[in-house]
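Atoms within each ligand, like the ligands themselves, are counted from 1 in listed order.
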Amino acid sequence: MSGASSITATEPYRDVQIRPAVAPDVARVAAIDEAATGEAKPRYWQSLFENFSQARAGCRAFLIAELKGEVVGFICGEVRDFEFGAESCGWVFALTVDPAIRVNSIGTQLFEEICQIFTQAGVRKVRTMIEHDNQLVMAFFRSQGLMVGRFIGMEKNLD
Ligand SMILES: CC(C)(COP(=O)(O)OP(=O)(O)OC[C@H]1O[C@@H](n2cnc3c(N)ncnc32)[C@H](O)[C@@H]1OP(=O)(O)O)[C@@H](O)C(=O)NCCC(=O)NCCS
């Protein structure tokens, strides 16, 4: 599956539309994700779409950036209540923009839109998790005003 779009980096990006995902978007989301991560997970994206399309509308968001009728990015997140002993907050757990047209504010537009949804849902904080050596994603979220939070991730291999 290829993540490459037919849109070139020389085109203007003023016409990007941010909207909720619909079923035909899922294959393209999976392709952009596969291009970014090197791992194909079509069933994961289909299942995520089904869980996030209508259920708990207002607390869950699966948003698409569309340019000239083509999916060029997506963001997923939800409001979670009191997890890890924290206050209710919005979590962003997936965000990817087509590599062909990055650094054109598409990630910013996606993030701003999901933050509006979180605000309307009544929460006052947004959180995410990033790999500590992923400087690109770190730079992006820093540019959006996120700071290192008061939680750290912990993990263990279950062999
Ligand atoms: C992170 C990502 C979503 C950013 O999308 P984008 O549309 O390129 O971001 P924007 O154009 O809105 O950039 C906003 C700011 O982020 C920072 N930024 C973005 N790309 C950057 C880069 N390559 N280097 C340094 N800073 C960068 C800059 O501060 C930028 O502001 P500026 O253009 O005024 O300098 C995109 O790079 C991406 O999809 N990366 C892969 C993510 C991934 O691995 N996803 C899978 C796991 S969820």
Side-chain angles (χ1 to χ4, degrees), residues 1-22 24-53 59-80 83-84 86 89-119 123 125-149 151-155 157:
M1 196 181 280
S2 166
S5 75
S6 59
I7 294 168
T8 67
T10 56
E11 294 183 56
Y13 300 103
R14 289 183 294 274
D15 299 334
V16 172
Q17 186 196 355
I18 309 297
R19 59 163 176 79
V22 292
D25 297 328
V26 174
R28 177 79 185 126
V29 165
I32 293 174
D33 173 66
E34 183 179 350
T37 66
E39 191 180 350
K41 353 178 169 72
R43 277 186 296 178
Y44 166 75
W45 291 111
Q46 184 60 40
S47 157
L48 192 82
F49 170 73
E50 287 163 11
N51 286 331
F52 274 58
S53 52
C59 290
R60 290 183 164 179
F62 188 162
L63 303 178
I64 295 296
E66 180 181 323
L67 179 64
K68 298 177 190 288
E70 189 162 356
V71 175
V72 293
F74 60 88
I75 192 166
C76 304
E78 67 180 335
V79 173
R80 295 182 190 160
E83 287 187 1
F84 314 116
C89 68
W91 279 92
V92 171
F93 58 82
L95 167 65
T96 305
V97 171
D98 184 333
I101 54 168
R102 287 182 186 169
V103 202
N104 280 289
S105 299
I106 293 170
T108 297
Q109 291 177 63
L110 284 162
F111 184 73
E112 288 177 351
E113 186 69 25
I114 206 166
C115 285
Q116 273 195 24
I117 290 170
F118 291 154
T119 301
V123 299
K125 193 181 286 284
V126 59
R127 291 193 164 99
T128 192
M129 297 249 273
I130 65 173
E131 289 183 282
H132 60 79
D133 57 352
N134 192 333
Q135 295 189 1
L136 167 57
V137 179
M138 172 90 75
F140 173 78
F141 280 117
R142 277 294 296 117
S143 81
Q144 305 304 311
L146 278 76
M147 306 286 282
V148 174
F151 296 94
I152 59 167
M154 293 185 73
E155 61 188 31
N157 291 334

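- Between Asn134 and ligand 1, not a single N/O pair is under 3.5 Å apart.
- Residue Lys125 places its NZ atom among 12 or fewer non-hydrogen atoms of other residues, nucleotides or ligands, all under 6.0 Å distant.
- Residue Ala36 does not touch ligand 1, judged by heavy-atom distances below 4.0 Å.
- The distance criterion of under 3.5 Å between nitrogen or oxygen atoms is not met by Ala94 with respect to ligand 1.
- In terms of protein heavy atoms, atom 12 (O) of ligand 1 is closest to Thr108 OG1, 2.5 Å.
- Atom CZ of Arg28 sits about 5.0 Å away from atom CD of Glu70, to the nearest 0.5 Å.
- Regarding atom 28 (C) of ligand 1, its nearest protein heavy-atom neighbour is Ser143 CB, 4.2 Å.
- Of all non-hydrogen atoms in Trp45 and Cys76, the two that sit nearest each other are CZ3-SG, 4.1 Å.
- Any N or O atom pair closer than 3.5 Å counts here, and Thr96 shares at least one such pair with ligand 1.
- Of the candidates Arg142, Arg102, Glu131, it is Arg102 that places a heavy atom closest to atom 36 (C) of ligand 1.
- With respect to Ile18, the side-chain contact (heavy atoms from CB on, under 4.5 Å) criterion is satisfied by exactly one of Ile75, Leu110, Ile114, Ile64: Leu110.
- Nearest protein heavy-atom contact of atom 7 (O) of ligand 1 is Gly107 N, 2.8 Å.
- Checked against a 3.5 angstrom limit, the closest N/O atoms of Val97 and ligand 1 fall inside it.
- The protein non-hydrogen atom at the shortest distance from atom 42 (C) of ligand 1 is Leu95 O, 3.6 Å.
- Nearest heavy atom pair, residue Ala86 against residue Phe151, reads CB-CZ, 3.6 Å.
- Of the polar atoms of Phe93, none of the N or O atoms is found under 3.5 Å from an N or O of ligand 1, judged by distance alone.
- Here the heavy atom of the protein found nearest to atom 11 (O) of ligand 1 is Ser105 N, 2.8 Å.
- For Val137, no nitrogen or oxygen atom sits less than 3.5 Å from a nitrogen or oxygen atom of ligand 1, counting backbone and side chain alike.
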Pair Phe74, Phe52 - check ring-ring contact (aromatic ring centres under 6.0 Å, His included), show working.
CA-CA 13 Å; Phe74 60 88; Phe52 274 58; over 10 Å; no
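- Within the 4.0 Å cut-off (strictly below), no protein heavy atom is located near atom 31 (O) of ligand 1.
- From Glu113, atom CD reaches atom CZ of Phe118 across 11.0 Å, with rounding to the nearest 0.5 Å.
- We find the CD1-CG distance between Ile106 and Leu67 to be 6.0 Å, quoted to the nearest 0.5 Å.
- For atom 4 (C) of ligand 1, the closest non-hydrogen atom on the protein side is Phe140 CD1, 3.6 Å.
- Shortest contact from atom 20 (N) of ligand 1 to any protein heavy atom: Leu136 CD1, 3.5 Å.
- Rounded to the nearest 0.5 angstrom, Gln135 CD and Ile130 CD1 are separated by 10.0 Å.
- Looking at ligand 1, you won't find any N or O of Thr37 less than 3.5 Å from one of its N or O atoms.
- The distance from atom CG of Asp98 to atom CG of Asn104, rounded to the nearest 0.5 Å, is 10.5 Å.
- Met138 CE to Ser143 OG: the interatomic distance, rounded to the nearest 0.5 Å, is 12.5 Å.
- If you look at Asn104 next to ligand 1, the close heavy atoms, those under 4.0 Å, all belong to the backbone.
- Within 4.0 Å of atom 2 (C) of ligand 1, not a single protein heavy atom is present.
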Please lay out, stage by stage, how Glu50 and Gln46 fare under the test side chain to side chain donor-acceptor pair (under 3.5 Å).
CA-CA 6 Å; Glu50 287 163 11; Gln46 184 60 40; 2.9 Å; yes
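- Closest approach of Arg102 and Thr96 over heavy atoms only: NH2-CG2, 4.0 Å.
- Within ligand 1, the atoms closer than 4.0 Å to a non-hydrogen atom of Ala139 are 17 (C), 25 (C), 26 (N), numbered from 1 in the order shown.
- The option with the heavy atom closest to atom 33 (O) of ligand 1, from among Val103, Leu110, Val92, is Val103.
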